[in-house]
Protein chains: 2
Amino acid sequence: MRAPQKPRLRAADDAVSEFTTARLSLYLRCLEALDAAGTRTVSSTALAERLRLNAAQIRRDLAHFGELGVRGVGYDVKELRRHLRQILGVDRSVHVAIVGAGNLGRALADYAGFRREGFDIVSLFDTAREKIGQSTRGGVLVRHLRELPALAGRERIDIAVVAVPAEAAQEVVDAVVGAGIRAILNFAPGTPHVPSHVKLRNVDLALSLESLSFFLAQEKHAKAERS
Amino acid sequence: MRAPQKPRLRAADDAVSEFTTARLSLYLRCLEALDAAGTRTVSSTALAERLRLNAAQIRRDLAHFGELGVRGVGYDVKELRRHLRQILGVDRSVHVAIVGAGNLGRALADYAGFRREGFDIVSLFDTAREKIGQSTRGGVLVRHLRELPALAGRERIDIAVVAVPAEAAQEVVDAVVGAGIRAILNFAPGTPHVPSHVKLRNVDLALSLESLSFFLAQEKHAKAERS
DNA sequence: CTCTGTGAACCACTTCACAGCA
DNA sequence: TGCTGTGAAGTGGTTCACAGAG
């Protein structure tokens with residue numbers, strides 16, 4: 001075994017936090033913009049200003065994955081972009097299936113932002129007889145959920161998006177896990193249970209609004225108390 | 001000024017963290033379910049088991065707002081539910097406007113989960129001439145964005161949901177802020193800037209998928225390294 | 001001199017453990 | 001005894017500050 005003289009991209013040994021992960025996506029977007037603008041190198045300070053973050057935090061986030069920068073110079077935009085795409089696993093197309101062909105599911109199936117970032121919406125599933133065989137405006141075909149296991153293997157589905165009513169969520173998540181899918185983005189309220197080898201991420205829309213409502217309520221209480 | 005002998009609901013003096021805020025919503029949902037099931041009191045341990053959280057954390061979260069529980073007994077379900085609704089500001093209907101009548105905006109306008117949690121979708125705005133005057137399936141009328149300032153005052157809009165393309169986001173956010181709205185839920189990628197008195201919360205769909213993709217990529221790298 | 005990568009300090013959220021009340 | 005509310009300890013993410021590479 002030969003020793004690589006300069007291991008540019010190291011696999012993160014110590015687990016990387018969710019916070020870091022979320023920021024990596026922001027860095028990548030910023031680099032896409034910089035690259036499009038023809039910028040060749042960028043310093044952590046410059047990135048930090050654009051993203052309104054702390055420069056040390058950016059350096060620490062990136063340092064998890066090797067010595068990606070050059071001292072005295074900064075980071076090469078094209079190279080760092082390539083590394084981040086590899087780190088985030090979007091250096092090849094990522095296959096996504098959506099379960100739930102309601103308003104939200106169909107909107108997500110046609111959401112342009114997914115394609116732009118390298119995600120490929122492979123199929124949309126539902127169980128309602130009248131929806132099967134229809135297509136969304138964007139041209140995604142609705143299939144019956146029972147076809148998921150077969151398609152998961154054939155189409156190599158990486159991620160399932162769950163956009164069904166709360167009552168059906170656990171059942172659907174179980175089906176998704178049963179089909180061998182190991183990453184789930186769930187829009188149904190109330191955190192379904194998944195085995196430990198499956199990664200679940202929740203987007204709770206009502207909760208998001210409630211956190212804003214809380215902010216407004218706190219303002220009001222504070223004002224009332226001051227008088 | 002008279003001193004209340006037992007201030008049951010105290011306004012949180014020390015600022016409450018975003019983490020706590022998010023959990024308060026979960027507690028509220030759990031209590032709605034318990035109340036519907038006829039349960040009268042609940043202990044932090046029981047809540048913790050249901051939500052798979054630490055009991056001390058629940059007690060600490062709630063203690064921010066006064067002595068809401070009874071030692072030796074637990075929390076009164078109905079009473080805590082009422083308190084949480086008040087704390088989260090959902091004890092009265094919260095008026096929400098959505099900007100962007102694309103697929104996502106229309107899906108959000110008709111999303112049943114919002115109404116269920118006490119949010120009232122007052123109006124949907126866009127600037128595309130052909131969309132103005134249309135209604136969503138759910139019956140929400142699309143108005144021109146220039147009507148927002150007038151409607152914001154008249155309908156007392158509390159929260160704006162921004163569901164427009166990334167390029168338009170900053171402009172729309174500025175319009176929303178200009179209309180006097182102080183809380184924004186933004187679905188466009190790339191964190192627009194808001195003045196400090198406005199609360200902005202981002203839901204970044206592509207970023208959420210990327211964090212899952214990252215997880216899958218890490219698994220793959222770990223496996224490759226082990227061999 | 002500039003800018004990265006990182007030990008050490010800092011800070012915030014979480015959890016433990018227990019005093020204190022019913 | 002049972003369970004809350006909370007000081008104190010633990011954990012982990014962030015920021016500082018600087019050594020060291022270019």
Side-chain angles (χ1 to χ4, degrees), chain A residues 5-10 12-27 31 34 39-77 79-80 83-84 87 211 214, chain B residues 5-10 12-27 31 34 39-77 79-80 83-84 87 211 214:
Chain A
Q5 62 254 61
K6 212 181 186 188
R8 299 297 296 167
L9 187 56
R10 179 207 318 152
D13 337 289
D14 48 340
V16 184
S17 87
E18 295 276 339
F19 298 97
T20 295
T21 312
R23 285 189 300 267
L24 294 177
S25 292
L26 300 178
Y27 304 158
L31 287 163
L34 287 168
T39 312
R40 307 296 285 273
T41 66
V42 67
S43 68
S44 60
T45 316
L47 267 175
E49 271 166 24
R50 276 184 159 248
L51 297 166
R52 291 185 211 96
L53 293 172
N54 180 292
Q57 180 164 68
I58 295 178
R59 292 200 298 277
R60 200 172 275 285
D61 284 343
L62 296 176
H64 276 114
F65 304 96
E67 306 224 342
L68 270 32
V70 181
R71 288 164 195 242
V73 179
Y75 300 87
D76 182 276
V77 171
E79 194 180 301
L80 184 55
H83 278 140
L84 281 174
I87 291 166
S211 88
F214 171 81
Chain B
Q5 63 255 60
K6 211 179 185 188
R8 298 296 296 167
L9 187 57
R10 180 207 315 153
D13 337 291
D14 49 340
V16 185
S17 87
E18 295 276 339
F19 296 96
T20 295
T21 312
R23 284 189 300 267
L24 293 177
S25 292
L26 299 178
Y27 304 158
L31 287 163
L34 287 168
T39 312
R40 306 296 284 274
T41 65
V42 67
S43 68
S44 60
T45 316
L47 267 175
E49 271 165 23
R50 277 184 157 247
L51 296 165
R52 293 187 209 94
L53 294 173
N54 180 292
Q57 181 164 68
I58 295 178
R59 293 199 297 276
R60 199 172 277 283
D61 285 344
L62 296 176
H64 277 115
F65 304 96
E67 306 225 341
L68 270 32
V70 181
R71 285 162 198 243
V73 179
Y75 300 88
D76 181 276
V77 171
E79 194 179 302
L80 184 56
H83 278 141
L84 281 174
I87 291 166
S211 87
F214 171 80

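Each chain gets a letter, A, B and so on, in the order the sequences are listed, and its residues count up from 1.
Taking only side-chain atoms of Ala56(A), from C-beta outward, the nucleotide of dT4(C), dC16(C), dA17(D) with the closest atom is dA17(D). The side chain of Ala63(B) lies closest to dT6(D) when the candidates are dG13(D), dT6(D), dC13(C).
Annotation: of the two residues near DNA chain D, Arg23(A) and Val73(A), the 5′-most nearest-nucleotide partner is Arg23(A).
For the pair His64(B) NE2 and dC13(C) C1', the interatomic distance rounds to 10 Å; values are reported in whole Å. Look at CD1 on Ile58(A): it is 12 Å from P on dG5(C), rounded to the nearest Å. Distance Asp61(A) CG to dT6(C) C1': 13 Å, rounded to the nearest Å. As rounded to whole Å, 18 Å separates atom P of dA21(D) from atom CG of Leu68(A). One interatomic measurement links the two molecules: CD of Glu18(A) to C1' of dT14(C), which rounds to 17 Å at whole-angstrom precision. For the pair Phe19(B) CZ and dT15(C) P, the computed distance is 12 Å after rounding to whole Å. We find that CG of Leu62(A) is positioned 13 Å from P of dT14(D), with the value rounded to whole Å.
Among residues two or more places apart in sequence or in another chain, the side-chain hydrogen bond (donor to acceptor under 3.5 Å, both in side chains) test is passed with Glu18(B) by Lys199(B). Take Leu34(B) and apply the side-chain contact (heavy atoms from CB on, under 4.5 Å) test, not counting sequence neighbours, and it matches Leu31(B), Thr39(B), Val42(B), Leu47(B), Arg50(B), Val77(B). With sequence neighbours excluded, the residues forming a side-chain hydrogen bond (donor to acceptor under 3.5 Å, both in side chains) with Ser211(B) are Arg201(A), listed by chain and number.
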Show me, pair by pair, the donor-acceptor contacts under 3.5 angstrom made by side chains of residues 52-62 of chain A, not counting sequence neighbours?
unit_1: Asn54(A); atom_1: OD1; unit_2: Ala56(A); atom_2: N; d: 2.7
unit_1: Asn54(A); atom_1: OD1; unit_2: Gln57(A); atom_2: N; d: 3.3
unit_1: Arg59(A); atom_1: NH1; unit_2: Ser44(A); atom_2: OG; d: 3.0
unit_1: Asp61(A); atom_1: OD1; unit_2: Thr20(A); atom_2: OG1; d: 3.0
unit_1: Asp61(A); atom_1: OD1; unit_2: Arg23(A); atom_2: NH2; d: 3.1
unit_1: Asp61(A); atom_1: OD2; unit_2: Arg23(A); atom_2: NE; d: 2.7
unit_1: Asp61(A); atom_1: OD2; unit_2: Arg23(A); atom_2: NH2; d: 3.3
unit_1: Asp61(A); atom_1: OD2; unit_2: Tyr27(A); atom_2: OH; d: 2.6

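The end-to-end axis angle of the helix from dC1(C)-dG22(D) to dA22(C)-dT1(D), rounded to 10 degrees and based on five pairs per end, is 0°.
Phosphate proximity of dG5(D) to Tyr75(B): present, with a side-chain N or O under 4.0 Å from OP1 or OP2.
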Can you tabulate the close N/O pairs, meaning under 3.5 Å, that link protein atoms to atoms of nucleotides 8-10 of chain C?
unit_1: dA8(C); atom_1: N6; unit_2: Arg60(A); atom_2: NH2; d: 3.2

Collect all protein-nucleotide pairs involving nucleotides 18-20 of chain C in which both atoms are nitrogen or oxygen and the distance is under 3.5 Å.
unit_1: dG20(C); atom_1: N3; unit_2: Arg71(B); atom_2: NH1; d: 3.4

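DNA chain D is contacted by Asn54(A) of residues 44-55 of chain A, taking any non-hydrogen atom closer than 4.0 Å.
Heavy atoms only, all atoms of each residue included: Ile87(A) and Phe214(B) are closest at O-CD1, 3.3 Å.
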